[in-house]
Amino acid sequence: MPALVLLGAQWGDEGKGKATDLLGGSVDYVVRYQGGNNAGHTVVVGDQKYALHLLPSGILSPGCTPVIGNGVVVDPSVLLSELSGLNERGVDTSKLLISGNAHIITPYNVTVDKVTERFLGKRKIGTTGRGIGPTYADKINRVGIRVQDLYDESILTQKVEAALDAKNQLLTKLYNRRAIAVDQVVEELLGYAGKLAPYVTDTVLVLNQALEENKVVLFEGGQGTLLDIDHGTYPFVTSSNPTAGGACTGSGVGPTKISRVIGILKAYTTRVGSGPFPTELLDEDGEALRRIGGERGVTTGRDRRCGWFDAVIARYATRVNGLTDFFLTKLDVLTGWEQIPVCVAYEIDGKRVEELPYSQSDFHHAKPVYETLPGWSEDITKAKSFSDLPKNAQAYVKALEEMSGAPISAIGVGPGRDETIEINSFL
């Protein structure tokens, strides 16, 4: 039963798409288990670049079945547009499976997301405005719309009415917006039913049967560990669980069937949106990392905040996810720096702290404690083995591995599918 979880070990945007795609040719199923079109993966295949949002990266691997699990929230218009775009580029999307229990992002969820964020002003969370949070809130409040509801007009209408009873009060009386018509929403949602029908199935049954048949299943998280609703830098987090536990609840596959948990780390650190970021660089180094690394959000288009590698959050990710391996990405971006600082601890109120503080206030005031490692100037994008790397690059990787608490089993030395050094096989 080889089931693997692959997730972000920082604040997201670590290069999970590249890692998933690398494994895609060796696995039978790739499963998105949480999030929605607030997550973006960039995958480079040859001279072709693909930006994926809702779809699992495995959709680019022939023979692999991509699955959108029950823990994902689905915007039908975005999904159908993404499928259409891939079909136009010759990608076969016919094997996609969608859980009937996945929740639908409705037009009113998007509206509520946008007006709420604007209302917060300086206290805004930095959401993508795509309705993700309000959809998860509806799910928890038991007024959500699921994919399966699209195939029963009566139930769909009742559920939309129930959801809009409160939301229209909010929109008209607090935000001074127009009320949303039930019939209009129902008509739009029913329009997606026929187009989605070929993909909708009981994915929990499919995945468990696949594992019983010794098929390889890869669970792909969106966002990253520090954006987890329970274990991230709350409230500056996403609305779901990108951590390893979310793979089980978001897919219906039990934890005893997970054999390996792989964390994706950038060789430096980035985050998008608001919230604390101890190693953030607001100087020329930060701008250089942003420019060389192409640090712009795949989904949002926003510039990413950039900083040096933070070993404290890497150790935290190892602990809360039970990581067995790391995939280190974008090592090539650091080429050219004579010295590379690495955050090994924090200073909080004059005290050295080596683990992530549980207190939000403490984390907001954390100052990085750096150790400096020698850099390298040689081009590493053609390296095929660890020994091909410059000695200082090797030392940097080994230092990060020791500080982070799990072995680094693969290294990304460029954006391309083949620009990866595999030290230990994940399978």
Side-chain angles (χ1 to χ4, degrees), residues 12 32-40 53-54 68-79 81 98-99 101-121 123-150 155-189 192 222-223 227-230 232-242 246 249-250 272-275 297 299-300 302:
R32 272 289 303 276
Y33 59 85
Q34 49 74 224
N37 56 304
N38 57 339
H53 306 279
L54 262 171
I68 293 177
N70 57 275
V72 178
V73 290
V74 178
D75 186 320
S77 63
V78 172
L79 177 59
S81 175
I98 303 172
S99 171
N101 289 338
H103 279 248
I104 294 286
I105 299 173
T106 66
Y108 53 78
N109 291 137
V110 177
T111 299
V112 168
D113 197 1
K114 290 179 178 178
V115 298
T116 302
E117 187 78 347
R118 283 198 292 268
F119 185 78
L120 288 172
R123 294 176 290 113
K124 67 182 180 179
I125 303 300
T127 77
T128 59
R130 286 163 167 79
I132 310 298
T135 304
Y136 277 114
D138 280 0
K139 177 179 179 177
I140 298 304
N141 287 325
R142 290 160 290 189
V143 292
I145 310 298
R146 298 195 292 180
V147 171
Q148 60 176 276
D149 297 329
L150 301 182
I155 288 179
L156 177 63
T157 302
Q158 291 176 44
K159 289 191 171 185
V160 173
E161 286 176 345
L164 283 178
D165 276 347
K167 287 180 175 58
N168 276 334
Q169 295 290 321
L170 184 72
L171 288 171
T172 58
K173 295 182 178 179
L174 180 61
Y175 297 124
N176 197 29
R177 298 288 294 259
R178 292 179 181 177
I180 297 173
V182 172
D183 292 347
Q184 184 178 348
V185 173
V186 170
E187 181 181 0
E188 179 177 336
L189 294 179
Y192 299 124
Q223 290 89 33
L227 291 179
D228 187 277
I229 186 70
D230 288 294
T233 50
Y234 190 89
F236 304 100
V237 293
T238 193
S239 304
S240 58
N241 293 107
T249 56
V272 171
S274 306
T299 294
T300 63
R302 294 180 290 184

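In what follows, every heavy atom counts, from backbone to side chain, and hydrogens, waters and symmetry copies are set aside.
For the pair V185/I180, a side-chain contact is recorded, criterion being any heavy-atom separation below 4.5 Å from C-beta on. You'll find the side chain of R177 reaches within 4.5 Å of the side chain of T111, heavy atoms only. The shortest distance between side-chain heavy atoms of V112 and Y175 does not fall below 4.5 Å.
D138 pairs by the salt bridge (charged side-chain N to carboxylate O under 4.0 Å, His left out) definition with K167, not counting sequence neighbours. With sequence neighbours excluded, the residues that form a side-chain contact (heavy atoms from CB on, under 4.5 Å) with E188 are P107, Y192. Among residues two or more places apart in sequence or in another chain, the side-chain contact (heavy atoms from CB on, under 4.5 Å) test is passed with A166 by none. Scanning for side-chain hydrogen bond (donor to acceptor under 3.5 Å, both in side chains) contacts around E161 gives an empty result, with sequence neighbours left out. Legend: residues meeting side-chain hydrogen bond (donor to acceptor under 3.5 Å, both in side chains) with Q184, ordered by chain and number and at least two apart, are absent. Not counting sequence neighbours, K139 has no partner by the salt bridge (charged side-chain N to carboxylate O under 4.0 Å, His left out) test. Residues that satisfy the side-chain hydrogen bond (donor to acceptor under 3.5 Å, both in side chains) test with S99, not counting sequence neighbours, are absent from this structure. Judged as a side-chain hydrogen bond (donor to acceptor under 3.5 Å, both in side chains), and not counting sequence neighbours, the contacts of D230 are N241.
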Would I229 and T238 count as a side-chain contact (heavy atoms from CB on, under 4.5 Å) here? Give the steps. CA-CA 6 Å; I229 186 70; T238 193; 5.7 Å; no
Evaluate the criterion side-chain contact (heavy atoms from CB on, under 4.5 Å) for residue pair D228 and Y234; output intermediate values, then yes/no. CA-CA 8 Å; D228 187 277; Y234 190 89; over 6 Å; no
Verify side-chain contact (heavy atoms from CB on, under 4.5 Å) between Q34 and V72, making sure each step is shown before the conclusion. CA-CA 4 Å; Q34 49 74 224; V72 178; 5.6 Å; no
Between I105 and N37, is a side-chain contact (heavy atoms from CB on, under 4.5 Å) present by the stated rule, with each step listed? CA-CA 10 Å; I105 299 173; N37 56 304; 3.6 Å; yes
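Considering every non-hydrogen atom in both G35 and S240, the closest pair reads N-OG, 3.5 Å. In plain terms, the two heavy atoms of R32 and H53 that are nearest each other are NH1-O, 2.9 Å. Across every non-hydrogen atom of I132 and G36, the tightest pair is CD1-CA, 4.0 Å. The two residues R130 and D113 have their closest heavy-atom pair at N-OD2, 3.2 Å.
Using a distance-only test at 3.5 Å, with no hydrogens or angles considered, no donor-acceptor pair links the side chain of N141 to the main chain of A163. Between the T172 side chain and the N168 main chain, a donor and an acceptor come within less than 3.5 Å of each other.
With rounding to the nearest 0.5 Å, the separation of OG in S239 from CD1 in I140 is 10.0 Å. Here OG1 of T135 is found 10.0 Å from CD1 of I145. Values are rounded to the nearest 0.5 Å. Note: D165 CG to L170 CG = 13.0 Å, rounded to the nearest 0.5 Å. To the nearest 0.5 Å, the span separating CD on Q148 from CD1 on I104 amounts to 10.5 Å. To the nearest 0.5 Å, atoms NZ (K114) and CG (N109) are separated by 12.0 Å.
Of the charged side-chain nitrogens involved, at least one lies within less than 4.0 Å of a carboxylate oxygen, so that K159 and D149 count as a salt-bridged pair.
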